[in-house]
There are 2 protein chains.
Amino acid sequence: MQTSSPAGRPGRPRNAAADTAILAATRQALVELGWSRLTLGDVATRAGVAKTTLYRRWSGKHELVVDAVAELFDELELPDRGSLAADTEGVVLQFAAILARPEAKSGLMAVVAESTRDDALRERIRTSIVERQKRLVLQGRTRAQARGELPPEADPEVAARTADLIFDMVAGAVVHRTLVSAEPADEEWVRGFTRVLLLGLAASA
Amino acid sequence: MQTSSPAGRPGRPRNAAADTAILAATRQALVELGWSRLTLGDVATRAGVAKTTLYRRWSGKHELVVDAVAELFDELELPDRGSLAADTEGVVLQFAAILARPEAKSGLMAVVAESTRDDALRERIRTSIVERQKRLVLQGRTRAQARGELPPEADPEVAARTADLIFDMVAGAVVHRTLVSAEPADEEWVRGFTRVLLLGLAASA
DNA sequence: GAGCTTTCGCTACGAGTCGTAGCGTAATGG
DNA sequence: CCATTACGCTACGACTCGTAGCGAAAGCTC
């Protein structure tokens, strides 16, 4: 989605409803067809717009799918369940529920794959999807430190590195469980995961 | 790669060197073009074979890339460095080194994305890539139990679930770090990761 | 209202890829 | 020698891509 026209720009304004319709149509097409068989002409037909309209707003399949999938993560929130372990389990379960949806599965990995050769696409993914998730990790750590469950971080640089590490471990594990192992990240799995994450491999046995 | 013709089958045998050339050409094309721009016609030209020959051996782009990428993981081994932590660091560094290669990056995620809608493809990935990695986790756990670093598992069912969990945590974290966060899984990162994995989040600070 | 600007739907188009068919030839075993 | 399979090559229809051009619609400013 490029910069819209909020200010008094001359000319006919864009149909805002079309954006919504196009993104919804994209997700529907992802469910029915998957990434590889999804075509922009098909999406345009589903959304009830002309193919040229779609190309005026998105430069291609990749950007469109990033935006369509990003909206799925809007609902992510950090619940306050009273302890770091419970908070972690709650947010991981939310994340897992989103990833379980077919439109997320087929779309997310495809754009990540393409982002390895497209810096602009990676930046788009980072700002509209990844950062939104990482924010929850930072919130959770701050809250846990306030509770005294985690020691306060003196060095902000070390704190940032640790947060990045935790984020990669949490998001990576759920993604791998869901997409590669193709098993559900259900409550039982999340409990085991949280135990290892917080207590370590040796202590959790 | 489908079943070759080792037994005395009539007719002209397949050129075994062509398989090697095609897979190498596929990896080269992945490096230069990435997944989306890789075409089978181009791979055939690079390998010096006719496009029809390629289609006689692989049913499509997905299967071909799975086989091409799978060979990258052949070199994975579990080093014996004397302790669970050191062994873990060693194998994770190997895994990270493979994932850092562009042909692995662009190819692996793409086929995983497609496998969410193609059971046969997922099975092919599982047997030729994933199981080979998971074996290392099992070896590492057995060795650590022999050393007394981990308690022996009484229930084989629980042991299998734990091994799956560890595998998803290790592989997922490295993949996420490399492909999504787009940062190198270097020695420093691996040390921090291993510490959290073995000791837990609280104890590792 | 007049005039300007931008969007929209539609059609058409060249370019590129896909996967297959058909052909003649090469290589192996019985 | 002959059946059988693999190979290289060419050609093909079908499909998707991304763009161009057109007339009409919808907003703004004067």
Side-chain angles (χ1 to χ4, degrees), chain A residues 1-23 25-26 29-30 32-65 106-107 110-111 114 117-118 120-121, chain B residues 1-23 25-26 29-30 32-65 106-107 110-111 114 117-118 120-121:
Chain A
M1 223 172 314
Q2 40 229 39
T3 52
S4 55
S5 60
R9 214 172 62 187
R12 175 179 177 175
R14 283 191 173 168
N15 182 1
D19 275 345
T20 309
I22 291 172
L23 292 176
T26 303
L30 277 176
E32 295 181 16
L33 306 173
W35 161 267
S36 63
R37 289 177 197 162
L38 179 148
T39 69
L40 294 195
D42 182 70
V43 169
T45 304
R46 287 172 191 265
V49 301
K51 193 172 62 162
T52 45
T53 297
L54 213 159
Y55 274 104
R56 285 191 194 97
R57 306 188 183 203
W58 285 276
S59 61
K61 191 171 171 177
H62 305 138
E63 279 80 7
L64 174 62
V65 170
S106 35
V111 294
E114 211 53 40
R117 314 211 100 246
D118 184 338
L121 184 62
Chain B
M1 229 172 309
Q2 40 230 40
T3 52
S4 54
S5 60
R9 212 171 65 187
R12 172 178 176 175
R14 283 193 173 167
N15 182 1
D19 275 344
T20 309
I22 290 171
L23 292 176
T26 303
L30 277 176
E32 295 180 16
L33 306 172
W35 162 268
S36 63
R37 290 176 199 166
L38 178 149
T39 70
L40 294 195
D42 181 70
V43 170
T45 304
R46 288 172 190 264
V49 301
K51 194 172 61 161
T52 45
T53 297
L54 213 158
Y55 275 102
R56 284 190 194 101
R57 306 189 182 201
W58 285 275
S59 60
K61 191 170 168 174
H62 304 139
E63 279 78 8
L64 174 62
V65 170
S106 35
V111 295
E114 211 55 37
R117 315 210 98 249
D118 184 338
L121 184 62

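Order of the sequence lines sets the chain letters (A, B, ...), proteins ahead of strands, with each chain counted from 1. The structure displayed is predicted, hence computed values, not measured ones.
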Quiz item: dG8(D) C1' sits how many Å from Leu54(B) CG, rounded?
Solution: 13 Å
Quiz prompt | Closest heavy-atom pair and its distance - Ala29(A), Asp42(A) | solution = CB-OD2, 4.1 Å
Quiz item: Looking at Val111(B) and Leu121(B), what are the two nearest heavy atoms and their distance?
Solution: O-CD2, 3.7 Å
Quiz item: Any Lys/Arg nitrogen of Arg46(B) or Glu32(B) sitting under 4.0 Å from an Asp/Glu carboxylate oxygen of the other?
Solution: yes
Self-check item: Separation of atom CG in Leu40(A) from atom C1' in dC15(D), rounded to whole Å
Solution: 14 Å
Quiz item: Could you state the CZ-P distance from Arg9(B) to dT28(C), rounded to the nearest angstrom?
Solution: 14 Å
Exercise. Look at the side chain of Thr52(B) against the base of dC7(D) and say whether a donor-acceptor pair falls under 3.5 Å; ignore hydrogens and angles.
Key: no
Self-check item: First of Lys51(A) and Gly11(B) reached from the 5' end of DNA chain D, by closest nucleotide
Solution: Gly11(B)
Exercise. Let me know, please, whether Ala18(A) or Arg37(B) comes out on the 5' side of the other along DNA chain C by nearest nucleotide.
Key: Ala18(A)
Quiz item: Roughly how many Å is it from CZ in Arg14(A) to P in dG9(C), rounded to a whole number?
Solution: 12 Å
Self-check item: Nearest-angstrom distance from the residue atom OH of Tyr55(B) to C1' of dT10(D)
Solution: 16 Å
Exercise. Could you pick out which residue, Thr39(A) or Arg12(A), lies toward the 5' side of DNA chain D when each is mapped onto its nearest nucleotide?
Key: Thr39(A)
Quiz item: How many Å lie between CZ on Arg56(A) and C1' on dG21(D), as a whole number?
Solution: 11 Å
Practice problem: Rounded off to whole Å, could you give me the CG-to-P distance for the Leu64(B) and dC18(C) pair? | Solution: 11 Å
Quiz item: For Lys61(B) and Ser36(B), which heavy atoms make the closest approach, and how far apart are they?
Solution: NZ-O, 3.7 Å
Quiz item: In whole angstrom, what separates Trp35(B)'s CH2 from dT17(C)'s C1'?
Solution: 14 Å
